[in-house]
Amino acid sequence: MSVQKRACGFIIFRQIQDAIEYLLMQASYGEHHWSPPKGHVDDGETDFETALRETEEEAGFVKNDLKIFQDAKVELKYNVNGTPKTVIYWLAELINPNQSIRMSSEHQAYKWLGYQEACNLAKYADMQNALTQVNEYINKNVKKK
């Protein structure tokens, strides 16, 4: 029986003037895909602890840098080389929009992008759906009018 893979992270956004921008990071391996910071759940860790640890490792942001929306959670399920994988993202806002990112060796680039550009770069339909869901949440609940 194959073990299901599980990963967690945050879809991080910032507000610059009237614009909402999403953080996507480019993997330094494989197809060099773009996604929010995330990583595999370690033994004994909760999904949420994983999301916090991975975000610190991959982007340099700690919990106090982020406003986390616990009720805005997206779950993606897909297969990786025939193995089912679940990825859980919570939505998080970078409190200081000018804070710099500290990348790990797992990524080779990052971009802050508007919703449409983020969807174009994300490439995978499930990631685009996740961005659509959080974008609607932000427009309803977060965005400064």
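This chain uses plain numbering: 1 for the first residue, then up along the sequence.
A ring-ring contact (aromatic ring centres under 6.0 Å, His included) check over residues 36-63, counting only residues at least two apart or in different chains, returns the pairs F10-F48, F48-W90. The stretch residues 23-39 participates, sequence neighbours left out, in these salt bridge (charged side-chain N to carboxylate O under 4.0 Å, His left out) pairs: E31-K123. Note on residues 52-69: pairs passing side-chain hydrogen bond (donor to acceptor under 3.5 Å, both in side chains), not counting sequence neighbours, are D42-R53, E45-R53, R53-E57, D65-Q99.
With sequence neighbours left out, the side-chain hydrogen bond (donor to acceptor under 3.5 Å, both in side chains) criterion links Y89 to no other residue. For A130, the side-chain contact (heavy atoms from CB on, under 4.5 Å) partners two or more places apart in sequence, or in a different chain, are I11, V74, L76, M127. Remark: E75 engages K77 in a side-chain hydrogen bond (donor to acceptor under 3.5 Å, both in side chains) (not counting sequence neighbours). When the side-chain contact (heavy atoms from CB on, under 4.5 Å) test is applied to N98, the partners found at least two apart in sequence or on another chain are I16, N96. Not a single side-chain hydrogen bond (donor to acceptor under 3.5 Å, both in side chains) links K73 to another residue, sequence neighbours left out. Scored by the salt bridge (charged side-chain N to carboxylate O under 4.0 Å, His left out) test, R102 finds no partners at all (sequence neighbours excluded). Taking the side-chain contact (heavy atoms from CB on, under 4.5 Å) definition, one finds that S100 meets it with nothing, sequence neighbours left out.
With a 4.5 Å cut-off on side-chain heavy atoms, T50 and R6 do not count as touching. When side chains are defined from C-beta on, V41 counts as touching C8, because their heavy atoms get closer than 4.5 Å.
Among all heavy-atom pairs drawn from A122 and L131, the shortest one is CB-CD1, 4.1 Å. The minimum heavy-atom distance between Y22 and I138, with the atom names listed, is OH-CD1, 3.3 Å. Here the shortest heavy-atom pairing between N79 and P84 reads OD1-CA, 3.2 Å. Minimum interatomic distance between A59 and P37 (heavy atoms only, all atoms of both residues): CB-CG, 4.5 Å. In terms of heavy atoms, K85 sits closest to A7 at CE-CB, 4.0 Å.
Linking ILVMFWY residues whenever their side-chain heavy atoms come closer than 4.5 Å, directly or via other members, places L23 and L52 in the same cluster. L121 is not connected to F13 by any chain of hydrophobic side-chain contacts under 4.5 Å among Ile, Leu, Val, Met, Phe, Trp and Tyr, and they are in different clusters. One hydrophobic cluster, built from ILVMFWY side chains closer than 4.5 Å, holds both Y124 and Y78. Linking Ile, Leu, Val, Met, Phe, Trp and Tyr residues whenever their side-chain heavy atoms come within less than 4.5 Å places M25 and L94 in a single cluster. Hydrophobic clustering of Ile, Leu, Val, Met, Phe, Trp and Tyr side chains at less than 4.5 Å, counting indirect connections, unites V87 with V134.
Using a 4.5 Å cut-off between side-chain heavy atoms of Ile, Leu, Val, Met, Phe, Trp and Tyr, Y29 forms no hydrophobic cluster with any other residue.
Within the 3.5 Å criterion, the main-chain N or O of A27 finds a donor-acceptor partner in the side chain of H32. Proximity of a side-chain donor or acceptor of N141 to a complementary backbone N or O of Y137 within less than 3.5 Å is detected.
To the nearest 0.5 Å, atom CZ of residue R14 and atom CD1 of residue I20 are 11.0 Å apart. With values rounded to the nearest 0.5 angstrom, I12 atom CD1 is found 7.5 Å from I101 atom CD1.
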Name the atoms and distances for all side-chain donor-acceptor pairs under 3.5 Å in residues 109-117, with sequence neighbours left out.
| residue | atom | partner | partner atom | Å |
| --- | --- | --- | --- | --- |
| Y115 | OH | T132 | OG1 | 2.7 |
| E117 | OE1 | G114 | N | 3.0 |

